[in-house]
Asks: 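Would you mind keeping the following structure in view while I ask a few things?
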Amino acid sequence: MKTCIGAALLVAVASSQAAIVWDEAIQGDLSDNGLAPTVIAMAPGRNLVLGTMGDAGHGVDRDYFSFTVPAGHVLAELWLLPVTGVSGSASFFGIQAGPQLTVTPSGGGIEAFYGFNHYGGEQIGSDILVAMVGADKAPIPAGTWSVWLQETGGQVSYGLDFVITSAVPEPAAALCLGLGLLGLACRRSVLLRR
Ligand SMILES: [Ca+2]
């Protein structure tokens with residue numbers, strides 16, 4: 001099963017220039033401590049995080065990690081990859097600004113979240129960013145962020161694709177440049193007429 005998932009991912013990666021920035025099967029379990037999340041390096045483009053969470057019979061495995069959206073960029077999309085499984089009805093996703101996730105497992109200090117929600121099996125294969133943080137908080141701006149993933153049911157695998165893009169959409173940037181040059185040209189012609 002693992003081989004099949006790996007092969008499918010390789011095909012997906014090859015066709016989309018995505019990078020697997022953390023794979024628990026290779027790099028080990030992500031931090032269980034929100035105050036000391038695993039630091040994952042992400043770059044503009046697609047950043048895949050693959051792991052397992054939930055209770056495999058010896059307590060709930062919570063996963064905490066932090067990442068940084070570079071200046072001038074945003075986290076534009078968050079795709080729930082097909083490798084994801086949901087035990088029961090839903091799994092939990094929460095994100096907080098900064099290098100730590102200070103909300104306790106029982107929900108203490110919940111106001112510190114930038115956004116949180118549950119995702120269900122019906123969302124697998126879709127961009128869940130707006131569903132997780134709300135339309136008014138997406139895209140997520142530049143800075144360091146910490147994520148908490150949790151499944152209190154049985155152990156499940158998950159795959160998340162963090163899509164980081166330029167904060168200014170390219171067509172808009174080109175349009176601004178064009179208008180700027182037009183402005184300069186107009187000014188020049190006015191000056192020449194004097
Ligand atoms: Ca894990």
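Both backbone and side-chain heavy atoms feed into the values below; hydrogens, waters and symmetry mates do not. Numbers for residues simply follow the sequence, beginning at 1. Numbering of ligands and ligand atoms starts at 1, following listing order.
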Asks: Assess whether side chain to side chain contact (heavy atoms under 4.5 Å, CB included) is satisfied between Asp32 and Arg62, documenting all intermediate values.
Replies: CA-CA 5 Å; Asp32 300 328; Arg62 299 178 176 85; 5.6 Å; no
Asks: Hey, which N, O or S atom on Asp29 ends up closest to the Ca ion (ligand 1)?
Replies: OD1
Asks: Mind checking what makes side-chain contact (heavy atoms from CB on, under 4.5 Å) contact with Pro99, not counting sequence neighbours?
Replies: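 Only Thr144 meet the side-chain contact (heavy atoms from CB on, under 4.5 Å) criterion with Pro99.
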Asks: I'd like to check the side-chain hydrogen bond (donor to acceptor under 3.5 Å, both in side chains) partners of Ser106; sequence neighbours left out, ordered by chain and number.
Replies: Thr104
Asks: With respect to the Ca ion (ligand 1), what is the nearest N, O or S atom of Asp61?
Replies: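 The nearest such atom is OD2.
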Asks: Would you say the rings of Trp22 and Phe65 are close, in the sense that their centroids are separated by under 6.0 Å?
Replies: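 No; Trp22 has its ring centre 6.0 Å or more from that of Phe65.
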Asks: In terms of hydrophobic clusters joined by side-chain contacts under 4.5 Å, are Leu30 and Leu75 together?
Replies: yes
Asks: State whether Met53 contributes an N/O/S atom found under 3.0 Å from the Ca ion (ligand 1).
Replies: no
Asks: Got an N, O or S from Asp32 under 3.0 Å of the Ca ion (ligand 1)?
Replies: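 It does not: Asp32 brings no N, O or S atom closer than 3.0 Å to the Ca ion (ligand 1).
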Asks: Give a rough value, rounded to 10 degrees, for the angle at the Ca ion (ligand 1) between atoms OE1 of Glu24 and OD1 of Asp63.
Replies: 130°
